[in-house]
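Presented below is the structure to which this report refers.
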Amino acid sequence: MTTTPASGPRTFTVPTAKHRTRFFDHRIPSLYAGRYQIHNRQILKGVGEGGDPVIEATPQPFDVIEPRFSIDPGGINARYPVPDAVGTYSQILPHINLDAPGLPWNRPLGPEQDEAVPWTALLLFREDELPEDPDAVGSVTTGTVRDLLDARLGPGKPPELPQESLREEEYEEHCATVLVPATLFDQVKPLPVEMGYLAHVREGGPPDATVAGSDPEPDEKQLNGVVVANRFPAAAGGRHVVHLVSLEGFDQYLTAPAPAEGVRLVSLTSWAFTTEPDSGIGFGDLAQHLATTDGVTPRDAEGLRLRLPVSAPANPSAHQREALERMAGGALALPQRLETGERTVAFHRGPLTARPARELPAPAAVRLESPGEALIYLEEYGVFDTAYGAAFTAGRLLALSDAEFRTGLLEFRSAARSAVRRLASYPQLAASAVTARQLTAPLAFEAFDRMLLDGDGTRLTRAVDQAGPQLRAGLRRTATARPPRTAAGLRALVSQPGVAALLRQAADDRFQTVTNWLDRLRRLELLGFEQLVPDSRMLPPESIRFAYVDSGWVRAAVDGALSVGVGHALDADLNQLATTGGPVPACAVLLRSDLVPNWPTVIITAYAGQTVVEPLRSAVYGTDIRLLLYPQVIDRFELCEPPRGICFGIGDVGTIELREISGGRIGYPKGEFPQPAGFDRFLRPGDADVLNVHGDGDALVPALARAHGVTEISSAQFALQMINAPQAQTFSYQP
């Protein structure tokens with residue numbers, strides 16, 4: 001099959017089912033959490049001569065209570081990576097999904113901060129960074145809020161919270177804290193403006209929520225608050241711990257150096273995970289290598305065919321052109337030793353071809369009866385094409401090595417022969433409804449048994465008593481005349497309409513055993529990989545190859561299997577009943593890559609036009625080879641990274657997918673960013689893998705705004721750009 005790759009890995013596939021996912025910038029409350037008073041004043045007009053008296057009512061205090069020093073674990077909708085996960089996460093930004101959509105904004109970060117700046121942040125730490133948790137397992141120091149504010153929970157400056165903002169009962173609440181050294185805090189702390197970009201509100205909706213031209217109001221039941229970390233896990237691997245911390249009372253240190261003793265942060269929740277060392281080769285890298293030669297240049301169509309690469313001479317002769325043409329079709333030139341002892345060269349291949357197999361001439365017989373009959377002699381060049389002879393031999397050897405099939409085949413023929421003979425003796429049975437037992441059972445024996453059992457043997461006794469006088473009187477029963485049974489007559493009977501169905505019925509389970517085995521052979525299940533790919537150079541490491549399946553080769557293998565135990569022409573005719581089984585694959589895809597063991601749940605989709613084609617068979621050979629067989633020739637093949645839910649980060653090749661942020665195509669892809677690839681330019685100095693979201697130097701948010709041709713993007717639009725969607729690689733047919 002001629003295929004060429006589409007341009008590089010893409011991170012967007014138009015879904016077949018609509019589902020709403022929307023992002024909102026924030027959820028600012030109408031009233032922040034805190035302590036308030038209601039003051040009531042009454043003015044009495046015209047009551048006294050000295051002016052209007054004023055009556056001041058007693059102030060009425062009230063509290064708006066929201067989580068401050070801890071959150072309910074049941075209110076956490078999701079975390080990514082999940083707690084205690086093990087995987088390669090060096091390209092993702094951890095995030096937490098909260099059931100309460102407004103929690104990150106339910107109180108101000110500080111008196112001088114913008115209302116869109118949340119008071120919480122998600123901080124990522126590695127092993128040996130936190131003094132009280134060197135193993136990054138999530139260890140925290142706990143105590144009461146009073147202990148925290150009085151600096152009795154250990155070193156580190158506690159938050160500076162206004163005393164009037166605390167309720168008396170809050171002092172006795174328990175909280176978890178973590179000590180962050182000053183240098184580390186200054187490395188990983190987000191700027192207030194960055195905190196606004198690292199939190200947003202997400203909404204999911206039912207499939208009917210996205211109606212063209214509609215902009216439904218947010219569904220309150222589908223809203224979640226999301227906080228995203230600003231730091232990537234270490235590429236070298238290791239344990240990591242993530243803390244959702246309160247930065248209330250530390251706002252002055254977000255834009256100035258942290259105190260020398262470090263800071264003691266309230267940890268609202270935390271979890272740990274392990275990232276494995278990143279080899280630098282991920283799904284996108286591998287998929288892109290399959291399709292391109294250098295990450296950009298697509299592999300040509302010839303390079304994706306299942307054939308042995310050969311170097312052609314500049315001016316090949318006619319003989320050389322013939323050899324090159326056959327090898328371009330997937331054949332190999334191998335040494336051959338003839339039965340006469342002579343040594344020569346022959347062409348050999350398996351059932352998979354790089355080009356459609358040549359049409360075979362109409363055979364003198366409907367089946368092959370020997371491997372020699374299947375050899376193709378190229379008279380002009382004096383060499384053989386052994387493909388079909390090898391197929392016949394392969395099928396015969398497979399049949400001989402399988403005792404169950406071999407026994408089933410012989411029993412099927414035996415039952416069918418008995419049925420043919422009975423039909424020849426009683427032609428009227430072919431036109432009536434008969435059972436398998438009637439065609440194969442010893443009916444005379446059964447009739448005699450019934451006589452023995454009928455009436456305690458009285459029927460048999462009566463028959464014996466009557467037989468003697470009748471025989472002496474010369475009254476002998478005249479035998480029914482039956483047509484003579486000849487080999488030619490039996491073979492002619494097998495070919496009559498309707499008889500084949502009767503014979504299959506007579507063979508019953510034995511016939512099913514044979515046809516099931518042959519169907520497996522048609523799907524190439526019984527063949528070794530060396531028979532499918534006779535030379536490993538045809539499928540080198542980290543490669544994908546497309547091929548046609550030669551139905552003539554498969555039929556020759558079936559004929560070879562059915563040749564076992566053939567004693568005469570009738571047996572060969574009965575074999576014909578088993579040659580019309582399941583479908584033969586039309587094309588194949590062979591993938592040899594680390595994608596096979598490392599992404600076992602990779603989503604593979606094949607198309608013929610706009611129709612999805614389901615594989616007849618998918619199999620794995622060894623550890624890194626996958627074979628897919630399809631019932632029709634496909635013109636598009638897609639490898640897609642397994643879905644993992646919505647997460648944030650960058651792709652394997654160091655880019656993200658720009659997505660439309662306005663108009664009627666919000667979320668649709670518009671190219672990879674940045675160009676040239678490489679996200680290191682958007683990291684803060686210091687090798688801590690902290691994202692420069694909106695700080696000094698080359699910051700990500702301004703660069704994204706320029707890429708979209710706008711002056712600024714919102715936090716919801718930033719979240720849309722940073723979605724790390726599954727990557728896909730498409731190979732498409734181009735004539």
Side-chain angles (χ1 to χ4, degrees), residues 1 305-307 326 329-332 347-363 365-376 385-402 405-406 408-409 511 513-534 538-539 545-564 566 572 575-590 606 613-619 621 627-634:
M1 181 172 61
R305 298 174 186 267
L306 184 67
R307 62 179 181 82
R326 288 187 173 273
L332 301 176
F347 292 106
H348 169 75
R349 63 170 172 81
L352 306 181
T353 63
R355 295 175 180 174
R358 301 182 183 185
E359 290 289 335
L360 295 175
V366 296
R367 58 186 171 270
L368 297 172
E369 296 181 351
S370 69
E373 189 180 14
L375 289 175
I376 298 175
D385 185 324
T386 65
Y388 299 114
F392 186 95
T393 300
R396 183 176 177 85
L397 291 176
L398 288 170
L400 288 171
S401 64
D402 193 317
F405 170 76
R406 192 173 62 246
L409 178 61
F511 180 74
T513 298
V514 172
T515 55
N516 287 346
W517 190 92
L518 292 175
D519 282 344
R520 292 179 61 205
L521 179 57
R522 292 185 182 92
R523 295 191 299 267
L524 311 183
E525 291 182 27
L526 304 177
L527 299 176
F529 185 75
E530 68 281 355
Q531 293 169 306
L532 300 176
V533 183
M538 301 170 73
L539 187 68
R545 295 293 183 264
F546 298 85
Y548 294 91
V549 178
D550 182 3
S551 59
W553 196 101
V554 176
R555 178 58 193 271
V558 170
D559 286 346
L562 292 174
S563 69
V564 172
V566 172
N575 284 343
Q576 193 67 21
L577 302 176
T579 59
T580 56
V584 174
C587 72
V589 181
L590 283 153
V613 181
E614 296 296 333
L616 284 177
R617 179 183 169 222
S618 175
Y621 293 86
L627 167 70
L628 296 117
L629 297 170
Y630 293 95
Q632 64 185 100
V633 175
I634 61 175

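Numbers here simply count residues along the sequence, with the first being 1. The figures that follow rest on heavy atoms only: side chains count, while hydrogens, waters and symmetry mates do not.
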Discussion item. Within 45 degrees of the ring normal and closer than 6.0 Å to the centroid, is that where the cationic atom of Arg349 sits relative to Tyr388?
Written reply: yes
Discussion item. Which residues pass the ring-ring contact (aromatic ring centres under 6.0 Å, His included) test with Trp553, not counting sequence neighbours?
Written reply: none
Response to the item:
Residues passing the ring-ring contact (aromatic ring centres under 6.0 Å, His included) test with Tyr630, sequence neighbours excluded, are none
Item to complete: Quick one: list whatever passes side-chain hydrogen bond (donor to acceptor under 3.5 Å, both in side chains) with Ser563, sequence neighbours left out.
Response: Arg396
Fill in: side-chain hydrogen bond (donor to acceptor under 3.5 Å, both in side chains) partners for Ser551, two or more places apart
none
Just so I know, are the side chains of [X] and [Y] near enough to count as touching, which here means a heavy-atom distance under 4.5 Å?
| X | Y | value |
| --- | --- | --- |
| Leu398 | Phe405 | no |
| Val549 | Leu352 | yes |
| Leu590 | Met538 | no |

Set of side chain to side chain contact (heavy atoms under 4.5 Å, CB included) partners for [X], sequence neighbours left out:
| X | answer |
| --- | --- |
| Ala390 | His348 |
| Arg545 | Leu304, Leu306, Leu539, Pro540, Ser543 |
| Gln632 | Ala608, Val613 |
| Arg617 | Arg523, Leu524, Glu525, Ala619, Tyr621, Leu627, Leu629 |

Fill in: Side-chain donor or acceptor of Arg406 paired with backbone N/O of Leu400 under 3.5 Å
yes
Worksheet item: Donor-acceptor pair, Asp519 side chain versus Gly582 backbone, under 3.5 Å?
Response: yes
Worksheet item: Nearest heavy-atom pair of Ala561 and Ala399: which atoms, and what distance?
Response: O-CB, 3.6 Å
Discussion item. If I compare all heavy atoms of Pro351 with all of Gln531, which pair ends up nearest, and what's the gap?
Written reply: CD-O, 3.5 Å
Fill in: From Val584, Leu521, Asp559, residue fulfilling side chain to side chain contact (heavy atoms under 4.5 Å, CB included) relative to Val554
Val584
Practice prompt. Sequence neighbours left out, what passes salt bridge (Lys or Arg N to Asp or Glu O under 4.0 Å) with Asp402? Give chain and number order.
Written response: none
